Amino acid sequence: AKGLGKGAWQRYQNDLHTQMVQRLEMRSALHEAIEDEQFVLQFQPIVELGDKRITGVEALVRWQHPARGLLGPFHFVEAAEESGAIVGIGSWVLREALRQFAQWRAENPATTLRYVSVNVSARQFRVPDFTDVVRKALEETGARPEWLLLEITESLVLRDADKVLADLKALRAMGVRIAIDDFGTGYSSLSYLRQMPVDVLKLDKSFIDDILHSRQQHALVDAIVTLAHNLDLAVVAEGIEEAGQHAALDVMGCQYGQGYLFAKPLWPTEIPARTAAPEAM
Ligand code: C2E
Ligand code: CA
Ligand code: CA
Ligand code: CA
């Protein structure tokens, strides 16, 4: 704050103070929210691009705030990561997603649903016993490990590489699958991915946005899909909004997609009708 006049310095101090108070308020509100079970899940369908059949859903957390209404992750996930509250929230999300998924499977054994995808933040993954958290959540809900796809980001893999690798291997040994989320926004390369114990690559929306308008972008996505398949990775294209994007990705051989074109994040009650097997429809 060097060179600031007296008034500016005072404002700067006030701003810092306000920020600190806001942060503390947010922190206690998040802890209260965990205790009061103010978090809810929506589920966004992930479809087979060939026939638009819904084979998976991604669990997306929302905060039913007593005063501010329904809040998306944009409003609180970063703060929750900074304060560490994301560890508790994340454990709840994992258990609730598995509980709900096991219920759908039990209610309709012929459901088209094969797996539920759950986001895991770096902070959450780095707690020493994360694999135990997953094991317990599976046991408590009676969900099968094959039903669970954990979404992690590239940055996580770069930090703490040895511990992360060991944990990923342990999870896969249990039968849980791993996805790299937002692929293309981080730093890792496909050659690096070859050494990682992952099963699925989720291509970030920013890659999909321009495939119809940029030949280069189209070529890039085409190449990534081909390389990923050669590395035995399944590919999910994120943020598909236009029928033309769907068609182009299908031609490239990309097998799975997610986006508003197919469905927005839905409430749990909206899922069964859309995932009843064709025979039952
Ligand atoms: P994400 O993991 O990349 O999830 C996809 C986000 O893109 C979701 O936003 C989804 O609603 C949105 N989306 C899906 N299809 C489209 C589309 O066609 N167009 C557009 N414009 N957007 C689309 P949402 O639910 O607001 O979540 C934002 C982010 O918050 C997620 O990004 C994820 O990073 C984080 N998040 C959500 N739930 C959790 C959670 O349980 N734990 C953690 N750690 N992070 C979470
Ligand atoms: Ca995700
Ligand atoms: Ca994503
Ligand atoms: Ca994203």
Side-chain angles (χ1 to χ4, degrees), residues 30 33-34 37-47 49 52 54 56-64 69-101 115-127 130 133-134 137 148-156 177-186 188 198-212 224 234-246 249 256-268 270:
L30 283 168
I34 296 173
E37 297 182 42
Q38 291 170 9
F39 294 103
V40 289
L41 294 182
Q42 286 192 321
F43 293 88
Q44 187 177 30
I46 299 171
V47 306
L49 290 182
K52 299 199 209 173
I54 299 170
V57 281
E58 177 176 3
L60 295 162
V61 70
R62 278 90 180 85
W63 182 3
Q64 189 68 67
L70 193 68
L71 301 179
F74 168 79
H75 296 276
F76 64 90
V77 162
E78 209 180 301
E81 274 168 357
E82 274 169 24
S83 75
I86 196 69
V87 176
I89 298 171
S91 298
W92 178 84
V93 168
L94 182 65
R95 230 180 313 114
E96 178 58 16
L98 289 173
R99 186 202 64 73
Q100 178 63 76
F101 193 83
Y115 66 95
V116 60
S117 219
V118 176
N119 293 285
V120 182
S121 87
R123 179 94 182 233
Q124 192 187 348
F125 198 93
R126 281 203 299 273
V127 303
F130 181 70
V133 171
V134 175
L148 179 60
L149 179 66
L150 293 176
E151 300 194 2
I152 62 171
T153 55
E154 297 165 80
S155 55
L156 168 72
R177 291 185 310 145
I178 312 291
I180 296 285
D181 199 2
D182 302 338
F183 182 83
T185 59
S188 74
V198 298
D199 307 275
V200 177
L201 196 148
K202 295 193 78 175
L203 254 184
D204 193 68
K205 176 176 186 301
S206 58
F207 270 82
I208 308 306
D209 281 343
D210 278 340
I211 55 170
L212 294 182
I224 291 173
V235 180
V236 178
E238 298 192 284
I240 302 176
E241 294 181 345
E242 297 171 40
Q245 293 169 330
H246 173 198
L249 287 158
Y256 304 99
Q258 181 176 358
Y260 294 169
L261 176 69
F262 309 110
K264 292 196 170 178
L266 302 171
W267 292 110
E270 299 175 283

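We count ligands from 1, going down the list as the structure has it; atoms in each ligand are counted the same way. Keep in mind that what you see is a predicted model, and the values were worked out from it rather than measured.
At a 4.0 Å heavy-atom cut-off, ligand 1 touches Asp181 through the side chain alone. Counting heavy atoms closer than 4.0 Å to ligand 1, residue Ile240 contributes backbone atoms (N, CA, C, O) but none from C-beta onward.
Heavy-atom separations between Gly239 and ligand 1 include at least one value shorter than 4.0 Å. Using a 4.0 Å heavy-atom cutoff, Lys202 is absent from the residues neighbouring ligand 1. Residue-ligand proximity: Lys205 is placed with a non-hydrogen atom under 4.0 Å from ligand 1. Not a single heavy atom of Lys264 sits under 4.0 Å from any atom of ligand 1. Contact between Gln258 and ligand 1 is absent, with no heavy atom of the residue lying under 4.0 Å from the ligand. In this structure, Gly72 does not count as a contact residue of ligand 1, since none of its heavy atoms falls inside 4.0 Å of the ligand.
The Ca ion (ligand 3) is closest to atom OD1 of Asp182 (considering only N, O or S atoms). For Glu58, the N, O or S atom with the smallest separation from the Ca ion (ligand 2) is OE2. The N, O or S atom of Glu151 with the smallest distance to the Ca ion (ligand 2) is OE1. The Ca ion (ligand 3) sits nearest to atom OE2 when only the N, O or S atoms of Glu238 are considered. Asp181 contributes OD1 as its N, O or S atom closest to the Ca ion (ligand 3).
Using a cutoff of 4.0 Å between basic side-chain nitrogens and carboxylate oxygens, Glu58 and Lys202 are scored as salt-bridged.
Metal site remark for the Ca ion (ligand 2): Asn119 contributes an N, O or S atom at a distance under 3.0 Å.
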